[in-house]
Protein chains: 2
Amino acid sequence: MQNRNPTTSETKQPAKFRMTRQRRVILEELRKENIHPTADMLYEMVRKRLPHISLGTVYRNLELLTAMGEIQTLEISGSQKRYDGIPQKHYHIRCIYCGRMDDAPIAPLNSLEDNLYGATVYTIMGHRLEFLGLCPECSLNETARRFAEQALPAEAAL
Amino acid sequence: MQNRNPTTSETKQPAKFRMTRQRRVILEELRKENIHPTADMLYEMVRKRLPHISLGTVYRNLELLTAMGEIQTLEISGSQKRYDGIPQKHYHIRCIYCGRMDDAPIAPLNSLEDNLYGATVYTIMGHRLEFLGLCPECSLNETARRFAEQALPAEAAL
DNA sequence: ATAACTGCAAAGGCTTTGCATGGAT
DNA sequence: ATCCATGCAAAGCCTTTGCAGTTAT
């Protein structure tokens, strides 16, 4: 009878956590717009409401909220982690020039894993899929387009 | 002695690369077995043949070889980058417990991006797909299985 | 001579952690 | 009183970079 199934549960007794003001504001800001911010972006957002919060607190709460299943930590590509206020599985699109991330407007393709059935020695338990391209703004930027053209042959390979 | 004196100085000479011993050994070790090592793993491998090589040289060559299109830098999940001696597009499978990575035995699914046509404001130019699971060794490890069970609901979401 | 390259070490960017304080039960 | 959470700063980890010396052309 462990709390081993972290879906979006509202069951708030299993672990002892306190919904502190910091934690609540972090969650609210993360869910306000789905911009998938980095920790420091979120820190700046939260700081407008809680000027004395520390970056360490932001990181600690992001880790805790992830463990609670309230949010997702996206460790996909690039150097910085991004955080997603929506805990349900979904794919993302990322602009390879400015880093903007949006949710991909398609449902998870669970059948993708069928392609590996019997073909691998691994026990497959999930997958990640991320689409890459240019966001609307960067699509209009000549420099960004040139960058993408030469970056993607290498970048797009997985 | 290639002196063309006049007019537009568009001297955009492609950089000259020297296949130094360090660079060659790095490439050889990376391609010897397709283990997708991290920089420090590769450093240790290379050090057995070139004991005085520096980690900085390994990083610099990995970056250069990537720019040359000889290898791939995988910025997928987790904290450390991994390097792939095969420059062609292909997917990967990763063990979420020990980090082992293998090539996925399926061809790139280019039609995946069709799902987004007309549904996004982005200019889609590529995608990444990574399968997650347990490698054969970790599949036999009870601790690893417990870890995967509780990690993947959060981890597998994208 | 020139430009590419290396080893070394320092610096950098992002994240985690130790510690003393503060707040809730 | 206890336990969790916070702010602050230091430490940690991985990667990049500055510099002076080295090597190939």
Side-chain angles (χ1 to χ4, degrees), chain A residues 3 12-30 36-68 70-83 99 101, chain B residues 1-3 11-27 29-30 36-68 70-83 99 101:
Chain A
N3 52 315
K12 56 184 300 186
Q13 289 302 49
K16 276 208 169 171
F17 72 90
R18 297 171 187 165
M19 187 46 76
T20 60
R21 179 179 348 184
Q22 288 89 337
R23 188 162 299 156
R24 182 171 42 74
V25 172
I26 287 170
L27 194 50
E28 284 173 6
E29 289 297 321
L30 194 50
H36 311 83
T38 60
D40 56 292
M41 285 173 171
L42 187 58
Y43 174 55
E44 291 305 327
M45 293 159 67
V46 169
R47 220 140 65 113
K48 291 179 181 145
R49 295 172 58 186
L50 302 175
H52 299 299
I53 196 171
S54 78
L55 184 56
T57 296
V58 172
Y59 273 109
R60 269 187 289 235
N61 276 294
L62 288 170
E63 184 183 5
L64 197 105
L65 289 165
T66 298
M68 290 165 63
E70 293 293 325
I71 67 170
Q72 288 186 68
T73 299
L74 307 177
E75 294 184 342
I76 311 243
S77 311
S79 49
Q80 287 183 71
K81 290 181 183 175
R82 287 175 171 264
Y83 299 90
M101 275 187 83
Chain B
M1 55 190 69
Q2 61 288 35
N3 283 356
T11 23
K12 173 64 163 58
Q13 284 279 8
K16 292 197 298 191
F17 302 111
R18 297 175 187 166
M19 187 48 73
T20 60
R21 184 197 312 218
Q22 288 89 338
R23 186 162 300 157
R24 182 172 41 75
V25 171
I26 287 170
L27 194 51
E29 290 297 319
L30 193 51
H36 309 84
T38 59
D40 56 293
M41 285 172 171
L42 187 58
Y43 175 54
E44 291 305 327
M45 292 159 67
V46 170
R47 223 142 61 115
K48 290 177 180 147
R49 294 173 58 186
L50 302 174
H52 299 300
I53 197 172
S54 78
L55 184 55
T57 295
V58 172
Y59 273 109
R60 269 186 290 234
N61 275 294
L62 287 170
E63 184 185 6
L64 200 107
L65 289 166
T66 299
M68 290 166 65
E70 291 293 321
I71 66 170
Q72 288 187 66
T73 299
L74 308 176
E75 294 184 342
I76 312 245
S77 311
S79 49
Q80 288 183 72
K81 290 181 182 174
R82 285 173 172 268
Y83 299 89
M101 274 187 86

Point to revise | Validation row: A:Lys81, A:Leu62 side chains within 4.5 angstrom (heavy atoms) | key: no
Review point. So, does A:Arg23 use its side chain to make a donor-acceptor pair with the main chain of A:Asn61 at under 3.5 Å?
Key: no
Exercise for review: Look at atom CZ of B:Arg21 and say whether more than 12 heavy atoms of other residues, nucleotides or ligands are closer to it than 6.0 Å.
Suggested key: no
Point to revise | Nearest-angstrom distance from the residue atom CD1 of B:Ile53 to P of C:dA9 | key: 16 Å
Check your understanding: So what does B:Asn61 touch, heavy atoms closer than 4.0 Å: a base, only the sugar-phosphate, or nothing?
Key -> sugar-phosphate
Check your understanding: Atom NE2 of A:His52 to atom P of D:dA9: distance rounded to whole Å?
Key -> 14 Å
Revision key, fill the gap. A:Asp40 atom CG is separated from C:dT15 atom C1', nearest whole Å, by 11 Å
Check your understanding: Taking only side-chain nitrogens and oxygens of B:Arg18, does any of them come within less than 4.0 Å of OP1 or OP2 of C:dA3?
Key -> no
**Study point:** Rounded distance (Å) that lies between atom P of D:dC3 and atom CG of A:Leu64
**Key:** 18 Å
Exercise for review: Return the value, rounded to whole Å, for the distance between atom CZ of A:Phe17 and atom P of C:dG23.
Suggested key: 20 Å
Practice item. Please determine if a side-chain N or O atom of B:Lys16 lies less than 4.0 Å away from the OP1 or OP2 oxygen of D:dT23. Key: no
**Study point:** Short side-chain N/O contact to C:dG7 OP1/OP2 from B:Thr57, under 4.0 Å
**Key:** yes
Exercise for review: Please state how far atom OH in B:Tyr43 lies from atom P in C:dA9, giving the value in whole angstrom units.
Suggested key: 11 Å
Review point. For B:Gln22 and C:dC5, what is the distance between atoms CD and P respectively, to the nearest whole Å?
Key: 11 Å
Check your understanding: Taking the nucleotide of DNA chain D with the closest heavy atom to each, which residue, A:Leu50 or B:Gly56, is nearer the 5' end?
Key -> A:Leu50
Point to revise | NZ/NE/NH1/NH2 to OD/OE distance under 4.0 Å, A:Glu44 and A:Arg47 | key: yes
Practice item. Assign B:Glu63 to base, sugar-phosphate, or nothing according to its heavy-atom contacts below 4.0 angstrom with the strands shown. Key: nothing
Practice item. Find the distance between NZ (B:Lys48) and CD (B:Glu29) and round it off to the nearest 0.5 Å. Key: 8.5 Å
**Study point:** Phosphate contact (C:dT16 OP1 or OP2) by A:Lys81 side-chain N/O below 4.0 Å
**Key:** yes
Review point. Counting only side-chain N and O atoms of B:Thr20, is one of them less than 4.0 Å from OP1 or OP2 of C:dT6?
Key: yes
Practice item. Figure out the CE/P separation between A:Met41 and C:dT15, and round it to whole Å. Key: 11 Å
**Study point:** base_contact_polar (D:dG7 base, A:Arg60 side chain, donor-acceptor, <3.5 Å)
**Key:** yes
Point to revise | Among D:dT16, D:dT6, C:dT16, the nucleotide that comes nearest once only the side chain of A:Tyr59 is considered | key: C:dT16
**Study point:** Nearest-neighbour nucleotide for the B:Leu55 side chain, D:dT15, C:dC8, C:dT15 considered
**Key:** D:dT15
